[in-house]
Amino acid sequence: MYAIKRELKLNKVETSLLRGNAGFKRWVYNFGLDLVQASWEFVDIQASDAKRIDAIKKVFTQVTMQKPENVWMKKYPSTVYQSAFIDLKRAFARWREGLSGFPCKKSKKKGDSFTVYKTAGVYPAKGQPPIPFTNRVVISPGKQIKLPGLKEFRLKERIDFYCSSQTFTVSRTANKWFVSFVLDAEKVPPIIHPIERIGVDLGVKALATCSDGSKYDMPVATTRAKTKLGKLQWRNRNKTLGSKKLKISASKNACKYYNATARQHARIANIRQDTTQKMTTDLSRKAYAIRIEDLNVSGMIANQKLASAVSNNCFYEIRRQLIYKQAHYGTKVELVDKWYPSSKKCSRCSHIQPMKLSERVFQCQNPQCGHIQDRDENAAVNLEFAPDDKVRLA
Ligand SMILES: [Zn+2]
């Protein structure tokens with residue numbers, strides 16, 4: 001699977017159309033969430049979440065949508081509310097499995113998104129399978145894209161080839177709108193990797209240090225952008241976006257401030273994405289087997305002193321990217337047991353000694369060795385040569 005994401009070039013009418021769609025999706029999602037919770041109190045306890053949501057969908061289409069005050073809902077494609085219910089089901093399933101917290105309400109402040117798709121293909125006869133590819137939208141090369149159920153939109157960057165997809169997700173971050181969709185095509189993995197195996201130490205100081213001596217850093221621009229964000233937040237610490245309860249609408253300056261903060265947050269996220277994407281691509285091109293530490297990320301974020309550095313260096317994101325790039329680059333990602341003493345061990349004589357977090361240089365205390373190396377480099381080499389029983393495939 002291979003995904004494409006492009007920024008949309010919109011005029012005011014188009015922006016308000018997309019905002020409307022996103023608002024409709026948000027409305028339906030929150031409506032469903034409220035009703036699921038309410039149903040726990042008076043409907044029998046046996047029904048599963050999915051069944052409840054199916055019943056709520058029926059109420060929505062047959063009662064809520066037919067009310068005269070809800071006529072506005074009919075101008076949006078039906079796939080928007082369909083996918084809102086699918087999302088809600090997924091959110092409840094993830095919560096039940098303990099993968100994420102209880103589904104929370106969608107809010108305009110946190111960005112917008114909605115999904116549209118081309119509905120099932122043409123059915124030739126009763127009981128026969130649909131004719132293949134009729135449920136797909138064909139996208140021709142160029143700067144235009146037709147979204148199913150909506151109109152044609154312009155793109156800021158062109159698509160270079162003919163491709164097709166069924167499902168399209170439109171999202172907004174700060175004031176930019178994007179469309180993303182998945183292609184079935186696979187990238188062909190390259191066969192030759194210059195390095196057989198590499199150990200990568202994801203650090204607090206440097207972003208990553210590799211056992212071949214190369215180093216990747218988070219650019220200074222992130223620190224600068226974060227300082228700017230902090231200043232912005234502090235100067236506007238008393239601004240609120242009005243109050244629904246007291247019926248006070250938001251002031252123009254408050255709106256301006258909230259837009260500016262959203263843009264600044266997006267900028268920081270973009271710099272981080274750019275850096276980690278480039279780094280993981282580089283690593284995947286360079287080495288066949290990539291060994292990283294199997295870190296307990298949520299545990300490290302709970303540690304106040306490490307939290308900022310850890311979230312800045314996005315350990316989990318790097319790991320996620322390396323893993324999904326396996327298919328594109330034909331690599332193998334290996335996780336080294338988190339109890340393996342990679343930073344406490346001497347990479348030359350295997351002597352183990354305590355190392356404080358503040359010590360940046362590894363100085364071997366074994367009198368016969370006396371090896372001196374940068375702390376992170378030493379750890380990276382240890383990861384590369386970790387014994388096989390401490391290593392598992394990601
Ligand atoms: Zn040593």
Side-chain angles (χ1 to χ4, degrees), residues 192-219 275-276 278-280 282-323 326 331-394:
I192 309 155
H193 289 97
I195 304 176
E196 174 68 31
R197 192 169 65 190
I198 199 168
V200 181
D201 179 62
L202 302 176
V204 177
K205 269 269 159 65
L207 185 60
T209 315
C210 307
S211 56
D212 67 339
S214 52
K215 219 171 204 180
Y216 299 89
D217 277 312
M218 199 41 108
T275 319
T276 49
K278 279 176 184 161
M279 183 193 103
T280 48
D282 200 31
L283 279 176
S284 307
R285 286 213 175 110
K286 198 155 70 174
Y288 167 63
I290 301 166
R291 278 194 176 172
I292 53 174
E293 207 171 348
D294 189 5
L295 288 165
N296 173 10
V297 177
S298 47
M300 284 176 88
I301 288 178
N303 178 342
Q304 288 277 307
K305 281 180 189 164
L306 287 177
S308 149
V310 171
S311 56
N312 186 33
N313 285 355
C314 12
F315 289 165
Y316 192 77
E317 181 60 17
I318 292 171
R319 176 168 151 184
R320 189 188 70 85
Q321 288 175 10
L322 283 174
I323 288 173
Q326 285 181 126
T331 50
K332 196 169 78 174
V333 177
E334 296 171 330
L335 300 176
V336 179
D337 190 90
K338 64 181 167 210
W339 302 115
Y340 177 68
S342 61
S343 54
K344 292 177 186 164
K345 196 171 171 182
C346 173
S347 59
R348 194 191 282 170
C349 70
S350 304
H351 173 74
I352 293 175
Q353 66 190 51
M355 284 284 285
K356 274 189 211 152
L357 258 179
S358 56
E359 283 179 68
R360 300 309 311 160
V361 177
F362 184 89
Q363 268 182 310
C364 187
Q365 276 154 16
N366 180 0
Q368 274 105 52
C369 173
H371 179 59
I372 297 175
Q373 197 175 18
D374 179 80
R375 177 203 174 94
D376 296 338
E377 271 175 45
N378 180 58
V381 176
N382 279 331
L383 289 176
E384 185 185 344
F385 297 105
D388 285 341
D389 61 319
K390 297 275 183 204
V391 178
R392 67 181 177 92
L393 274 180

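Each ligand, and each atom within it, is numbered from 1 in the order the structure gives. None of these values were measured; they are calculated from a predicted model.
- When SG of Cys364 and SG of Cys349 are joined through the Zn ion (ligand 1), the resulting angle is 110° to the nearest 10°.
- With respect to the salt-bridge test (charged N to carboxylate O, under 4.0 angstrom), the residues Arg360 and Asp376 qualify.
- Residue contact annotation: Cys369 places an N/O/S atom under 2.8 Å from the Zn ion (ligand 1).
- Taking backbone and side-chain atoms together, His351 has no N/O/S atom less than 2.8 Å away from the Zn ion (ligand 1).
- Side chain of Gln321 to backbone of Ile318: no donor-acceptor contact under 3.5 angstrom is found.
- The closest side-chain donor-acceptor pair between Ser347 and Asn378 falls under 3.5 angstrom.
- Using a 4.0 Å cut-off between charged nitrogen and carboxylate oxygen, Arg291 and Glu334 count as a salt-bridge pair.
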